[in-house]
Amino acid sequence: MADMSDLLGRAARLAAGGRAILGVTGAPGAGKSTFAEHLVSGLLERGVAAVRLPMDGFHLADATLASLGLLQRKGSVETFDGYGYCALLHRLLNEADPFVYAPDFDRSLGQPLAGAVTIGPDVQLVVTEGNYLLNPENPWAQARAALAEVWYCRLPDAERQRRLVTRHMRFGKSEEGARSWVSQVDEANAAQVSALESSADLVIDMEALGLPPGRD
Ligand SMILES: Nc1ncnc2c1ncn2[C@@H]1O[C@H](COP(=O)(O)OP(=O)(O)OP(=O)(O)O)[C@@H](O)[C@H]1O
Ligand SMILES: [Mg+2]
């Protein structure tokens with residue numbers, strides 16, 4: 001099993017020939033954002049200019065989801081601007097814009113926030129993380145074509161669900177509301193993501209890696 005130092009070395013090598021994008025995926029709550037943050041800070045310490053780019057910034061706003069009748073499915077693949085995400089990834093590889101601004105997802109607002117991530121011209125490795133990077137259908141397949149590799153974060157379901165419930169409660173849901181959202185919404189998405197694990201370039205055992213919890 002690769003440790004964090006091996007993973008940092010492998011990530012740094014991806015950008016050796018010019019800017020590259022590394023994808024990090026896994027089921028909801030598996031630790032993608034936490035892992036990507038650790039990876040980026042470790043790369044910066046090694047002198048590799050890296051930035052975390054969350055696919056979650058491409059969540060549609062609640063007002064848009066409501067107009068589409070999708071509010072109760074927030075987090076499922078059709079509730080993201082997949083074409084916008086795909087275009088951004090290719091723009092990061094092919095266009096010479098000095099600064100590229102990308103959205104993030106603000107958990108306290110529960111909404112995407114435009115212009116929250118800055119990707120400067122010096123950035124060598126973009127670490128993008130989200131649920132649907134291995135989805136075989138377009139626009140996700142076109143997005144995958146922009147990624148040098150995709151790494152899959154694996155965490156046993158019981159622990160993953162426990163962390164999701166805790167996080168939903170921290171952001172205002174009751175325990176019952178959190179449990180029912182996890183079992184009815186998050187787990188349907190988790191099943192779709194987990195089915196694609198074998199198409200990842202690398203699978204990371206998150207328990208063995210043993211990272212401390214990240215910020216939300
Ligand atoms: N080692 C850990 N021990 C306990 N909790 C953890 C640990 N690592 C991460 N967490 C917590 O688990 C939750 C999920 O982690 P994280 O946000 O990194 O996962 P994610 O895969 O990005 O989730 P999502 O798909 O919902 O964006 C967060 O609240 C995070 O703080
Ligand atoms: Mg996340």
Side-chain angles (χ1 to χ4, degrees), residues 1 3-4 7 11 22-42 50-60 62 65 72-82 85 102-113 116-117 126-135 140 143 147 150-173 175 177-197 200 202-216:
M1 159 71 198
D3 65 13
M4 200 61 196
L7 295 171
L22 167 64
V24 173
T25 194
K32 302 176 292 291
S33 301
T34 302
F35 174 71
E37 280 190 2
H38 280 279
L39 193 65
V40 165
S41 53
V51 69
R52 183 179 76 95
L53 172 65
M55 188 206 97
D56 271 357
F58 289 81
H59 263 287
L60 298 177
D62 280 357
L65 292 176
Q72 292 310 311
R73 300 184 62 188
K74 194 167 173 172
S76 62
V77 68
E78 66 274 29
T79 66
F80 289 86
D81 173 20
Y85 177 63
D104 198 352
F105 185 74
D106 185 315
R107 279 200 191 275
S108 26
L109 294 173
Q111 298 294 294
L113 194 63
V117 177
V126 177
V127 179
T128 189
E129 49 101 3
N131 284 355
Y132 299 113
L133 309 192
L134 294 173
N135 192 308
W140 304 98
L147 306 177
V150 179
W151 297 357
Y152 185 96
C153 298
R154 182 201 284 156
L155 186 70
D157 286 343
E159 174 62 13
R160 197 175 50 70
Q161 290 161 10
R162 193 188 65 72
R163 292 182 190 180
L164 283 172
V165 167
T166 305
R167 190 178 63 194
H168 284 308
M169 290 172 68
R170 196 158 54 245
F171 286 95
K173 283 192 167 53
E175 183 168 354
R179 288 191 189 288
S180 93
W181 186 272
V182 169
S183 62
Q184 286 166 34
V185 182
D186 291 334
E187 288 313 285
N189 302 331
Q192 204 183 340
V193 176
S194 307
L196 300 168
E197 178 183 318
L202 179 72
V203 176
I204 302 169
D205 176 338
M206 296 303 285
E207 282 193 319
L209 196 62
L211 296 178
R215 62 167 179 84
D216 282 307

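Each ligand, and each atom within it, is numbered from 1 in the order the structure gives. The first residue in the sequence is number 1, and the count goes up from there.
Ring planes of F80 and W140: perpendicular class, angle over 60° (limits at 30 and 60°). Using a 30° and 60° split on the angle between ring planes, F35 and W151 fall in the tilted class, from 30° to 60°.
Between the OH atom of Y85 and the OH atom of Y132 there is a distance of 13.0 Å, given to the nearest 0.5 Å. The distance from the CG atom of D56 to the CD atom of E129 is 6.5 Å, given to the nearest 0.5 Å. Separation of atoms CD (Q161) and CZ (R163) is listed at 12.5 Å; rounding is to 0.5 Å. Annotation: the span from R107 atom CZ to R170 atom CZ amounts to 9.5 Å, rounded to 0.5 Å.
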- Message: Could you go through V51 and V40, starting from their C-alpha distance and side-chain angles, then the distance that decides it, and tell me whether this counts as side-chain contact (heavy atoms from CB on, under 4.5 Å)?
- Response: CA-CA 6 Å; V51 69; V40 165; 5.6 Å; no
- Applying side-chain contact (heavy atoms from CB on, under 4.5 Å), run through W181 and Q72 and close with a yes or a no. CA-CA 9 Å; W181 186 272; Q72 292 310 311; 3.8 Å; yes
- After noting the C-alpha distance and the side-chain angles of C153 and V24, does the key distance pass the side-chain contact (heavy atoms from CB on, under 4.5 Å) rule? CA-CA 7 Å; C153 298; V24 173; 3.7 Å; yes
- Check step by step if side-chain contact (heavy atoms from CB on, under 4.5 Å) holds for L211 and M4. CA-CA 9 Å; L211 296 178; M4 200 61 196; 4.2 Å; yes
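Below 3.5 Å of separation, one finds no N or O of F35 facing any N or O of ligand 1. Among the atoms of P28, none of the N or O lies under 3.5 angstrom from an N or O of ligand 1. Polar contact check, E159 against ligand 1: no nitrogen or oxygen pair lies under 3.5 Å apart. Looking at ligand 1, you'll find an N or O of A30 within less than 3.5 Å of one of its N or O atoms.
Proximity of K32 to ligand 1, defined as any heavy-atom pair under 4.0 Å, is shared by backbone and side chain alike. Under 4.0 Å from ligand 1, the heavy atoms of R107 that appear belong solely to its side chain. Contact annotation: for N131 versus ligand 1, heavy atoms closer than 4.0 Å belong to the side chain alone. Under 4.0 Å from ligand 1, not a single heavy atom of T166 appears.
For R52, the CZ atom sits in a packed shell: over 12 heavy atoms of surrounding residues, nucleotides or ligands are nearer than 6.0 Å.
Those atoms of ligand 1 that come under 4.0 Å of a heavy atom in D56, given as number and element, are 27 (O). Close contacts between ligand 1 and G31 involve ligand atoms 15 (O), 16 (P), 18 (O), 19 (O), 20 (P), 21 (O) [criterion: under 4.0 Å to a heavy atom]. Heavy-atom contacts of T34 reach the following atoms of ligand 1: 9 (C), 15 (O), 16 (P), 18 (O) (cutoff under 4.0 Å). Contact atoms of ligand 1 toward R170: 29 (O) (distance under 4.0 Å to a heavy atom of the residue). Close contacts of ligand 1 with L211, meaning ligand atoms under 4.0 Å from a residue heavy atom, involve 1 (N).
If you check which protein heavy atom lies closest to atom 26 (O) of ligand 1, you get R167 NH2, 2.5 Å. Closest protein heavy atom to atom 23 (O) of ligand 1: G29 N, 3.0 Å. For atom 29 (O) of ligand 1, the nearest protein heavy atom (residue, atom name, distance) is D216 OD1, 2.9 Å. Counting protein heavy atoms only, atom 4 (C) of ligand 1 is closest to R163 NE, 3.6 Å. The protein heavy atom nearest to atom 31 (O) of ligand 1 is G214 O, 3.2 Å.
Taking 2.8 Å as the criterion, T34 does not count as a coordinating residue of the Mg ion (ligand 2), since none of its N, O or S atoms falls below it.
Of the charged side-chain nitrogens involved, none lies within less than 4.0 Å of a carboxylate oxygen, so that D186 and R160 do not count as a salt-bridged pair.
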